[in-house]
Amino acid sequence: MDVTASCGVCDRGLEFGYLCPGDTLALAERLERMPKVYEALAGFLAPASTPPGERVSTSGGARLPVNEAALDLRYGGIALVLESWLSDVQDARGWGQPAVGGVVEERVRRAARSLSANLEWIASSYPAAGDLAKEVREMEGAALSIVGAKPDRGRLLGQCVAADASGAVCGAPIRYRGGETKLVCPWCQCVYGDRDFRMLARLQPREDTEKPKEASDV
């Protein structure tokens, strides 16, 4: 592969474009999760327990009786970030501005879905793709730190053993989530059927299986 570009997130060399397949997949998964992450924040608007003897008040200068971090993300933060990126993407494509309005929950869902629909173009043709992916990753991380949850990354089976024309082995991490019967390498798109799962694990050196080389922190 002639490397002429690099991924805006992990700096992996690319033949063209702005996001590697692994970080494109990670962004797609985060956008898919975002409405659920938004909904989860509703249960964490109350502040952490108040220390004994401290009275919570809403009078001037006093601490608000809410979790302000959750409030910022749920009432404006997530929706505004996604809508801002969607607006820039549509402007870059020469399209009109996206419709904005309605309840915040629907705005989050609509903006996340629209960005997902543009993801192929974003990865290949949008110079700010890396910044978009990083901000969505950071925003999800901030939300998950509040709700105390982690996305299901699946169980690591090993690294992709497919080789390109030059003989170079792909090496991308291959993960399995319960119920899957087909796995697709996030970098080279090699497809592994359920009959390949044991083979894939068996071909991994022990130390490589425990400490795979990741494209980025996905």
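Predicted model, so just to flag it, every value in this text is computed and none were measured.
Here CG of D88 is found 10.0 Å from CG of D131. Values are rounded to the nearest 0.5 Å. Atoms CG and CG, from L19 and L132 in turn, are 8.0 Å apart once rounded to the nearest 0.5 Å. Expressed to the nearest 0.5 Å, how far CD1 of I174 lies from SG of C160 amounts to 5.0 Å. With values rounded to the nearest 0.5 angstrom, E15 atom CD is found 14.5 Å from C20 atom SG. Between the CE atom of M139 and the CE atom of M34 there is a distance of 4.0 Å, given to the nearest 0.5 Å. Summarising the geometry, atom CG belonging to L115 is positioned 5.0 Å from atom CG belonging to L86; distances are rounded to the nearest 0.5 Å.
When every heavy atom of S125 is checked against every heavy atom of Y18, the shortest pair comes out as C-CE1, 3.6 Å. Across every non-hydrogen atom of L82 and A111, the tightest pair is CB-CB, 3.7 Å. For the pair G17 and A5, the tightest heavy-atom approach, listed with the atom from each and the gap, is O-CB, 3.5 Å. Taking both residues in full, the closest heavy atoms of A133 and V9 are given as CB-CG2, 3.7 Å, listed atom of the first, atom of the second, then distance. C7 and L14 get closest at one heavy-atom pair: N-CD1, 3.6 Å. Across all their heavy atoms, V104 and A79 have their closest contact at CG1-CB, 3.9 Å.
Residues L80 and V100 do not share a hydrophobic cluster, clusters being chains of Ile/Leu/Val/Met/Phe/Trp/Tyr side chains in contact below 4.5 Å. Grouping the Ile, Leu, Val, Met, Phe, Trp and Tyr side chains by contacts below 4.5 angstrom, directly or via other members, places Y126 with L27. Note: the hydrophobic cluster containing V89 also contains V108 (ILVMFWY, side chain heavy atoms under 4.5 Å, direct or indirect links).
Although no hydrogens or angles enter the test, the distance criterion places a donor-acceptor pair under 3.5 Å between the side chain of R74 and the main chain of Y38.
Other members of the hydrophobic cluster containing V191, listed by chain and number, are V184; membership follows side-chain contacts under 4.5 Å among ILVMFWY residues, whether direct or relayed.
Screening residues 110-124 for side-chain hydrogen bond (donor to acceptor under 3.5 Å, both in side chains) gives R93-N118 as the qualifying pairs, with residues at least two apart or on separate chains.
Scanning for side-chain contact (heavy atoms from CB on, under 4.5 Å) contacts around V169 gives an empty result, with sequence neighbours left out. Scored by the side chain to side chain donor-acceptor pair (under 3.5 Å) test, E106 finds R109 as partners (sequence neighbours excluded). By the side-chain contact (heavy atoms from CB on, under 4.5 Å) test, A143 is found to be paired with V37, L41, L73, residues two or more places apart in sequence or in another chain being considered. Shown here are the ring-ring contact (aromatic ring centres under 6.0 Å, His included) partners of F197, two or more places apart in sequence or in another chain: Y176.
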Under the side-chain contact (heavy atoms from CB on, under 4.5 Å) criterion, do I78 and R107 qualify, and how do the steps go?
CA-CA 9 Å; I78 291 177; R107 288 169 55 194; over 6 Å; no
